[in-house]
Amino acid sequence: MLKTTLSGDGSRTLYCASVGEHYHSTKDGALTEALYKHVLPAWQYRIRGRKQIVVLDICFGLGYNTLCLIWYLRRQGYRGCLQIFSPEHNRPLLAGLGEFPYPEEFSELKPLIKRLAKNLTFSEPDLTIEIIPVDARIWLKELTLSVDIVFHDPFSPAHNHQLWTREYFAELSRIGAADLLVTTYSTATAVRMGLFESGFHIYENRPAALVRSSTLASLVSLPLAEIDMQLKQQRNPAAASLRDN
Ligand SMILES: C[S@@+](CC[C@H](N)C(=O)[O-])C[C@H]1O[C@@H](n2cnc3c(N)ncnc32)[C@H](O)[C@@H]1O
């Protein structure tokens with residue numbers, strides 16, 4: 001049985017001892033983080049009013065972002081077609097998800113979670129989920145889909161360096177639709193710089209429900225105050241993106 005951590009909003013998360021990080025912000029809470037940092041901006045700026053959406057959930061982990069998205073879209077009565085692809089290289093973690101103590105909000109998703117844990121895929125009319133049990137960076141190279149939204153949620157740059165570099169973000173913009181939206185918990189200047197240098201407009205996401213703000217990056221302008229990354233770089237020439245090598 002996995003030892004879980006109670007997070008700020010009462011939902012449970014995990015601590016990864018080998019990395020020394022929790023899967024979620026224990027202050028904001030796992031469910032609150034998924035909803036406010038990823039799902040609500042995706043709904044507001046991309047999904048509402050569209051009939052077809054392709055989401056990359058990087059990385060699946062406990063699956064809060066995917067599950068919260070499905071839960072929220074059902075509550076909104078969304079009738080479009082949703083495809084979710086999610087790399088996650090920890091197979092034992094995935095195999096145990098059927099027993100994880102998810103919040104009450106996900107109780108209607110229990111059969112879906114059990115099927116995902118067993119088969120790594122779930123499909124019903126207008127909803128497809130595919131978990132890909134390999135290294136995200138390697139898998140992305142092969143991808144030819146047009147992606148609308150990326151929930152970017154690996155461990156921090158200190159432990160998942162390859163998923164925060166300028167080259168990685170350039171790869172996202174290659175597979176993204178012309179108006180790709182990336183949501184991430186990181187507000188680090190180096191991360192924002194990598195996104196900016198890969199063609200993204202950068203925004204602060206600061207809903208009152210969150211203890212910590214997060215970042216929205218979009219290939220087209222959003223109706224929000226854009227962060228002037230050029231000015232940031234002029235003021236601090238040492239501000240640099242992370243690089244592969
Ligand atoms: C912060 S947790 C993800 C949290 C997740 N979104 C959730 O809601 O539970 C980071 C996850 O990234 C996975 N991971 C780290 N590096 C990876 C890689 N290169 N490819 C695929 N998965 C990776 C870890 O196994 C871990 O489950």
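Reckoned from all heavy atoms, side chains included, excluding hydrogens, waters and symmetry mates. Order of appearance sets the numbers: ligands from 1, and atoms from 1 within every ligand.
Judged by the shortest distance from any of its heavy atoms, Val134 lies inside the 4.0 Å radius around the atoms of ligand 1.
In summary, the aromatic rings of Tyr78 and Tyr72 are positioned with their centroids too far apart to meet the 6.0 Å limit.
Among all protein heavy atoms, the one lying closest to atom 3 (C) of ligand 1 is Asp153 O, 3.2 Å. For atom 17 (C) of ligand 1, the closest non-hydrogen atom of the protein is His89 CE1, 3.3 Å. Of the protein's heavy atoms, Asp135 OD2, 3.1 Å lies nearest to atom 19 (N) of ligand 1. When only non-hydrogen protein atoms are considered, atom 20 (N) of ligand 1 lies nearest to Ala136 N, 2.8 Å. Residue, atom and distance of the protein heavy atom nearest to atom 15 (C) of ligand 1 are Asn160 OD1, 3.3 Å. What sits closest to atom 12 (O) of ligand 1 on the protein, heavy atoms only, is Cys59 CB, 3.2 Å.
The shortest side-chain heavy-atom distance between Arg212 and Thr187 does not fall under the 4.5 Å cut-off. The shortest distance between side-chain heavy atoms of Leu222 and Leu181 falls below 4.5 Å. By the 4.5 Å heavy-atom criterion applied to side chains, Arg137 and Asp244 are counted as neighbours.
Taking every heavy atom of Leu62 and a limit of under 4.0 angstrom, the matching atoms of ligand 1 come to 7 (C), 9 (O). Close approach to Asn65 involves these atoms of ligand 1, each under 4.0 Å from a residue heavy atom: 6 (N), 8 (O). For ligand 1, the atoms sitting less than 4.0 Å from at least one non-hydrogen atom of His24 are 7 (C), 8 (O), 9 (O), numbered in the order shown with element in parentheses. Counting the atoms of ligand 1 from 1 in the order shown, those under 4.0 Å from a heavy atom of Gly61 are 5 (C), 9 (O), 27 (O). Listed by number with element, the atoms of ligand 1 under 4.0 angstrom from any heavy atom of Asn90 are 25 (O).
Ser218 places no side-chain N or O within donor-acceptor distance of the main-chain N or O of His201, the cut-off being under 3.5 Å.
Using a 4.0 Å cut-off between a side-chain N of Lys or Arg and a carboxylate O of Asp or Glu, Asp28 and Lys37 qualify as a salt bridge. Taking 4.0 Å as the cut-off between side-chain N and carboxylate O, Glu171 and Arg166 do not count as a salt-bridged pair.
Ranked by closest heavy atom to atom 13 (C) of ligand 1, the top entry among Glu88, His159, Glu21, His152 is Glu88. Comparing Tyr23, Phe60, Trp139, Tyr64 against atom 1 (C) of ligand 1, the shortest heavy-atom distance belongs to Tyr23.
For Glu124, the salt bridge (charged side-chain N to carboxylate O under 4.0 Å, His left out) partners two or more places apart in sequence, or in a different chain, are Arg74.
Side chain to side chain, Asp9 and Ser11 meet the donor-acceptor criterion of an N or O pair below 3.5 Å.
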